[in-house]
Amino acid sequence: MGITWSQIFPPPPTLTEVNLPSQNGKVFIVTGGYSGVGFEICKILYRVGGTVYLAGRSEEKALAAIAKIKRLCTPTSPEGNIMFLPLSLDDLTTIKPAVKMFTTAESRLDVLFNNAGVSDPPQETSPQGHDLQLATNCLGPHLFTQLLLPILRRTAENTSVSSVRVIWTASIVVDVFVLETGMGLAELLQKGTDKSRYYFNTKVGNWFLADSLASQIGGDGILSLVQNPGNIKTNIMRHSQAYVPVLLGPLLYAPRLGAYTAIWSAFASDLNIDDGGKYILPWGRIHPCPRDDLLRAMKGKEEGGTGVAAAFVKYCDKQIAAFL
């Protein structure tokens, strides 16, 4: 209960736009940057001179967000820039073209923020027939990340170890609501599964993907982490029943604070390559005591674990194989 309480009422942030060093010359991708936490991440990165790609499906919303960011802040470096990258995470056919567009324009990628996500959407399935939450929160980001690995690796060759990072997004539900088995794998294949169960699965699934990626690319000097941004007032709850935002309202924080969790995950200098796969809590600190059952899920049976995470990653690999 103590760790849940500390996620609801976190200690003050230690890394913000005030003390974040210049990111002049570095390149970033932020999915879901139109509003909420993603918008604040983009604003912070632009302010400190980074080249930022705001990835999303709506050009209209993206350009409006970009115009607002440029109106609200002046970059500390004249090289700061922010651009739209068309991408629909729920539609796997759109992801390879987005990566090609990005890699044609850029020769490096310093941090990928897999920030976008949906909860309880009215539309139930993706164009490929997956649950929309699974597609948007896990399958799309997994494919996007795998296709970006070559440019991430090239960037890591010329930067310090663990400075190139991939940041995944989980939720407090990982500690509070996820099954003791870590995930109901059978639910991924069932129609009519409760939407909240799908959402819980995708959030712990992001940790499984982050941990698996850490093993895959840690040797290249790239750090993969998952973070709970915090209990943030964003439009992710727009499809929830009306009482949910009212009930949770007093416990919700401004999106800017949620962005600080991602910023700490991306830039904290005391994180090293051995921290790959770790879970970051609001507003920037390593989870001190992750659930034992979830840690076992991320170990194979030969290591005394359950192998649930590996099974989920294998399932995701199979779903994206045709789109690589």
**OP:** Measure from the ring center of Phe9 to the ring center of Trp5 and say whether it is less than 6.0 Å.
**Re:** yes
Original post:
Trp207 side chain to Gly277 main-chain N or O, any donor-acceptor pair under 3.5 Å?
Top reply: yes
Original post:
Shortest non-hydrogen contact from Pro86 to Met101?
Top reply: CD-SD, 3.6 Å
Subject >> Side-chain donor-acceptor contact under 3.5 Å, Ser22 with Asn24 >> reply: no
**OP:** Would you name the heavy atoms of Pro121 and Gln133 that are closest together and state the gap between them?
**Re:** CD-CG, 3.5 Å
**OP:** Locate the shortest heavy-atom distance separating Gly276 from Ala214; write the atom from each residue and the value.
**Re:** C-CB, 3.5 Å
Original post:
Could Asp275 and Lys278 be called an ion pair, given the rule that one side-chain N must be under 4.0 Å from one carboxylate O?
Top reply: yes
**OP:** Please confirm whether the backbone N or O of Gly300 pairs with a side-chain atom of Glu303, one donor and one acceptor, at under 3.5 Å?
**Re:** yes
Subject >> Minimal non-hydrogen separation, Ala98 against Leu87, with atom names >> reply: CB-CD1, 3.9 Å
Original post:
Under 3.5 Å, side chain of Ser163 to main-chain N/O of Ser160, donor-acceptor pair present?
Top reply: yes
Original post:
Looking at Ile217, Asp317, Val313, which one forms a side-chain contact (heavy atoms from CB on, under 4.5 Å) with Ser212?
Top reply: Val313
**OP:** Could you tell me the separation between the CG atom of Leu225 and the OG atom of Ser265, rounded to the nearest 0.5 Å?
**Re:** 6.0 Å
Subject >> Exam field: side chain Asp175 to backbone Ile172, donor-acceptor pair closer than 3.5 Å >> reply: no
**OP:** Verify whether one side chain among Tyr260 and Glu40 offers a donor that lies under 3.5 Å from an acceptor in the other.
**Re:** no
Subject >> Under-4.0 Å salt bridge between Glu157 and Arg154 >> reply: no
Subject >> Cation-pi geometry met for Lys68 and Tyr34 (6.0 Å, 45°) >> reply: no
Original post:
Are any non-hydrogen side-chain atoms of Leu209 and Cys138 less than 4.5 angstrom apart?
Top reply: yes
Original post:
side-chain contact (heavy atoms from CB on, under 4.5 Å) with Phe28: which of Val111, Leu54, Leu112?
Top reply: Val111
Original post:
Does Asp90 pair with Arg57 as a salt bridge, N-O distance under 4.0 Å?
Top reply: yes
Original post:
Short question: side chain of Ser58, backbone of Lys61 - any donor-acceptor pair under 3.5 Å?
Top reply: yes
**OP:** Check whether the ring centres of Phe113 and Trp168 lie less than 6.0 Å apart, and answer yes or no.
**Re:** no
**OP:** For the residue pair Asn231 and Gln7, establish whether any side-chain heavy-atom pair is separated by less than 4.5 Å.
**Re:** no
Original post:
Are side-chain heavy atoms of Ile167 and Asn114 found at a separation under 4.5 Å?
Top reply: no
**OP:** For residues Leu45 and Val30, determine if any side-chain heavy atom of one lies less than 4.5 Å from a side-chain heavy atom of the other.
**Re:** yes
Original post:
Distance-only, no hydrogens or angles: does the Thr31 side chain make a donor-acceptor pair with backbone N or O of Asn115 under 3.5 Å?
Top reply: yes
Original post:
Roughly how far, to the nearest 0.5 Å, is CG of Leu148 from OG1 of Thr103?
Top reply: 8.0 Å
**OP:** Taking all heavy atoms of Arg108 and all of Ile151, pick out the closest pair and write down the distance.
**Re:** N-CD1, 3.6 Å
Subject >> Spacing of Asn19 atom CG and Phe267 atom CZ [to the nearest 0.5 Å] >> reply: 12.0 Å
Original post:
Which distance, rounded to the nearest 0.5 Å, do you find between the NE2 of His130 and the OG1 of Thr136?
Top reply: 11.5 Å
Original post:
Checking Arg291 side chain against Val174 main chain: does a donor-acceptor pair fall under 3.5 Å?
Top reply: yes
Original post:
Quick one: does Phe208's side chain get under 4.5 Å of Val308's, heavy atoms only?
Top reply: yes
Original post:
Taking all non-hydrogen atoms of both residues, which atom of Ala210 and which atom of Ser224 are closest, and how far apart?
Top reply: O-OG, 2.8 Å
**OP:** Return yes if some donor-acceptor pair links the side-chain N/O of Thr94 with the main-chain N/O of Ser88 below 3.5 Å, else return no.
**Re:** yes
**OP:** May I ask you to test the Tyr46-Cys73 pair for a side-chain heavy-atom distance under 4.5 Å?
**Re:** yes
Original post:
Counting N and O atoms only, with roles assigned by atom type, does the side chain of Asp220 sit under 3.5 Å from a partner on the main chain of Arg153, one being a donor and the other an acceptor?
Top reply: no
Subject >> Verdict with supporting geometry, Leu134 and Leu139, side-chain contact (heavy atoms from CB on, under 4.5 Å) >> reply: CA-CA 6 Å; Leu134 176 66; Leu139 298 181; 4.2 Å; yes
Subject >> Backbone N/O of Lys203 and side chain of Ser171: donor-acceptor pair under 3.5 Å >> reply: no
Subject >> Steps toward side-chain contact (heavy atoms from CB on, under 4.5 Å) verdict (Ile82, Lys43) >> reply: CA-CA 9 Å; Ile82 182 167; Lys43 189 167 70 171; over 6 Å; no
Original post:
Mind checking whether Phe102 and Tyr53 have ring centres under 6.0 Å apart?
Top reply: yes
**OP:** Mind running side-chain contact (heavy atoms from CB on, under 4.5 Å) on Leu271 and Arg165 for me, showing each step along the way?
**Re:** CA-CA 11 Å; Leu271 292 173; Arg165 301 182 185 183; 3.6 Å; yes
**OP:** Could you tell me the separation between the CD1 atom of Ile273 and the CD1 atom of Ile222, rounded to the nearest 0.5 Å?
**Re:** 8.0 Å
Subject >> Side chain to side chain, Gln216 and Leu149, heavy atoms closer than 4.5 Å >> reply: yes
**OP:** Please report the C-alpha distance between Leu147 and Ile95 in whole Å, then the side-chain angles of each, then the deciding distance to 0.1 Å, and finally whether the side-chain contact (heavy atoms from CB on, under 4.5 Å) criterion is met.
**Re:** CA-CA 8 Å; Leu147 289 170; Ile95 295 177; 4.0 Å; yes
Subject >> Side-chain donor-acceptor pair present, Ser126, Asp131, cut-off under 3.5 Å >> reply: no
Original post:
What distance do Met83 atom CE and Asn81 atom CG have between them, rounded to the nearest 0.5 Å?
Top reply: 4.5 Å
Original post:
With a 3.5 Å cut-off and no angle check, do the side chains of Gln227 and Thr169 form a donor-acceptor pair?
Top reply: yes
Original post:
Does the side chain of Thr125 reach to within under 4.5 Å of the side chain of Leu132, using non-hydrogen atoms?
Top reply: no
